[in-house]
Amino acid sequence: MNTLFASITPKKKIYAASDFHLGAPDAEQSRKREDKLLRWLNTIAPSAGGLILAGDIFDFWFEYKTVVPKGAVRLLGKLAELHAAGIPIIIFTGNHDLWMQDYLAEEIGATIYHKPVSFQIGDRKIMIGHGDGLGPGDSKFKIIKRIFLSGLNQWLFRWLHPDIGISIANKWSDRSKAKCLKNPLPFLGEMEPIFVHCKEMEATAHHDYYIFGHRHLMLNMPITENSTYINLGDWINYYSYAEINQNSVELKQFED
């Protein structure tokens, strides 16, 4: 149980967002999205007791020993500024940036998690993560993810020149996004895979809230009378985020 936010004061809130996919679909549109993110971060900074970024911040991310992908420097600078101001920053890796290691921990002071984590926030027990690979189905992706997480495969990928490796990864990502845009995944109701996973978790260990990303849908679904699944949506269509205080979680959309 992570107790980093257990003593949060009534005047402070924890903010959570996911699925920015910076870098996609091109530099111009990504920059507009990044600028909107900066405006949101400036808006929430005075009341922020913590910031949680729940995966897929980047459309692709890989850390070579001496190289990281170009872009998003304005966001990274803002996150470093928030951390310097005393705001804890937690980042979960997603399926697009699962090769994140320690660069952002060293540069901006973020705490990096690769799996869902339970937090005590005020009076509430909340599980947070990205959500990829959870629940039934999507066996093809689960196999691919195991391949991508292989230490041997990551070592082999590092031997590719960054221009080649990042180009290959971007083409893979573009093909995946094109398929999703052409055939967007529908809302599956109570068969939503992450919702099914949360129901199974709740049967063994109670959480007041389960907060995930990945599905690119804004969802607020009761699991039991005192447990709720929330999906954070994304910053492509919804510009959405969760506002967490001592007693509740509210799903909101940012408007300039």
Side-chain angles (χ1 to χ4, degrees), residues 1-20 22 34-57 72 74-94 97 100 102 104-131 198 206-214 218-220 226-235 238-256:
M1 172 69 68
N2 189 305
T3 58
L4 176 63
F5 304 123
S7 59
I8 184 172
T9 66
K11 293 183 178 180
K12 293 294 184 179
K13 301 169 184 176
I14 310 301
Y15 294 93
S18 73
D19 293 276
F20 306 152
L22 294 179
E34 183 180 6
D35 287 344
K36 190 161 186 171
L37 273 167
L38 295 180
R39 294 194 293 274
W40 173 62
L41 291 172
N42 286 331
T43 299
I44 67 172
S47 61
L51 177 65
I52 299 173
L53 305 180
D56 284 359
I57 299 172
R74 294 159 190 83
L75 174 63
L76 297 182
K78 175 56 67 175
L79 294 177
E81 177 186 318
L82 295 176
H83 179 265
I87 299 173
I89 297 174
I90 288 175
I91 295 177
F92 287 88
T93 57
D97 46 23
M100 191 179 293
D102 58 2
L104 297 182
E106 294 173 356
E107 289 297 316
I108 66 174
T111 300
I112 311 297
Y113 290 112
H114 299 272
K115 294 181 179 180
V117 174
S118 294
F119 293 87
Q120 185 71 38
I121 301 180
D123 297 330
R124 304 299 179 186
K125 186 178 180 183
I126 301 176
M127 175 167 282
I128 303 176
H130 182 61
C198 293
H206 170 67
H207 290 78
D208 297 282
Y209 292 94
Y210 297 82
I211 301 176
F212 291 96
H214 185 57
M218 288 181 66
L219 302 176
N220 189 327
N226 57 357
S227 182
T228 302
Y229 159 56
I230 287 177
N231 196 278
L232 293 167
D234 63 27
W235 277 70
Y238 299 107
Y239 310 103
S240 48
Y241 63 96
E243 184 179 282
I244 309 168
N245 59 37
Q246 287 183 317
N247 303 309
S248 64
V249 177
E250 187 174 353
L251 196 57
K252 296 185 173 184
Q253 289 177 275
F254 176 65
E255 297 181 4
D256 286 317

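FYI, side chains are in, hydrogens and waters are out, and symmetry mates aren't considered; it's all heavy atoms of this structure.
Under the 30°/60° scheme for interplanar angles, the aromatic rings of Trp235 and Phe20 are found to stand perpendicular.
Considering all non-hydrogen atoms of both residues, Gly233 and Tyr238 come closest at CA-CD1, 4.3 Å. Across all non-hydrogen atoms, the minimal contact from Met100 to His114 is O-CE1, 2.9 Å. Looking at every heavy atom in both residues, Gly129 comes nearest to Ala54 through O-CB, 3.7 Å. Closest heavy-atom contact between Ser240 and Ala17: O-CB, 4.0 Å.
In this structure, the separation between CG on Leu79 and CD1 on Ile108 is 4.5 Å, given to the nearest 0.5 Å. We find the CD1-CG distance between Ile87 and Leu51 to be 7.5 Å, quoted to the nearest 0.5 Å. Separation of atoms CD1 (Ile211) and CD1 (Ile230) is listed at 5.0 Å; rounding is to 0.5 Å. For the atom pair NE2 (His83) and CG (Leu104), the distance works out to 12.0 Å, reported to the nearest 0.5 Å. Distance CG/Leu82 to CD1/Ile44: 7.5 Å, rounded to 0.5 Å. With values rounded to the nearest 0.5 angstrom, Ile14 atom CD1 is found 7.5 Å from Leu4 atom CG.
Checking side-chain atoms of Asp97 against main-chain N and O of Ile57 turns up a donor-acceptor pair under 3.5 Å. Between the side chain of Arg124 and the main chain of Asn247, a donor-acceptor pair closer than 3.5 Å is present. Side-chain atoms of Asn231 come within 3.5 Å of backbone N or O of Gly213 as a donor-acceptor pair. Not one N or O on the side chain of Lys12 forms a donor-acceptor pair closer than 3.5 Å with the backbone of Gly50. The closest donor-acceptor contact from the side chain of Asp208 to the backbone of Lys125 lies under 3.5 Å. Remark: the backbone N or O of Gly122 is paired with a side-chain donor or acceptor of Gln120 at under 3.5 angstrom. In this structure, the side chain of Asn245 engages the main chain of Ser248 through a donor-acceptor pair within 3.5 Å. The main-chain N or O of Tyr15 is never found under 3.5 Å from a side-chain atom of Glu243 such that the two would form a donor-acceptor pair.
Two residues are said to be in side-chain contact when any heavy atoms from C-beta on lie closer than 4.5 Å; Met127 and Tyr209 fail this criterion. Residues His130 and Asp19 are in side-chain contact: their nearest non-hydrogen atoms beyond the backbone lie under 4.5 Å apart. Residues Thr111 and Ile91 are not in side-chain contact: their nearest non-hydrogen atoms beyond the backbone lie 4.5 Å or more apart. Considering only heavy atoms from C-beta on, Val117 stays 4.5 Å or farther from Ile90 through its side chain. Contact annotation: the side chain of Phe212 approaches that of Pro116 to within less than 4.5 Å [non-hydrogen atoms, C-beta and beyond]. Here the side chains of Leu232 and Leu219 are not in contact, with every heavy-atom distance at 4.5 Å or above. Annotation: side chain of Ser18 is not in contact with side chain of Tyr241 (no heavy-atom distance under 4.5 Å). Contact check for Asn42 versus Lys78: side-chain heavy atoms found under the 4.5 Å cut-off.
Among residues two or more places apart in sequence or in another chain, the side-chain contact (heavy atoms from CB on, under 4.5 Å) test is passed with Gln246 by Ile8, Pro10. Contacts of Asp35 classified as side-chain contact (heavy atoms from CB on, under 4.5 Å), with partners at least two apart in sequence or in another chain: Arg31, Leu38, Arg39, Arg74.
For the residue pair Ser227/His207, the side-chain donor-acceptor check at 3.5 Å is not satisfied.
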Ring pair (Phe, Tyr, Trp, His ring centres under 6.0 Å) assessment of Phe92 paired with Tyr113:
CA-CA 5 Å; Phe92 287 88; Tyr113 290 112; 5.5 Å; yes
After noting the C-alpha distance and the side-chain angles of Leu75 and Leu41, does the key distance pass the side-chain contact (heavy atoms from CB on, under 4.5 Å) rule?
CA-CA 9 Å; Leu75 174 63; Leu41 291 172; 3.6 Å; yes
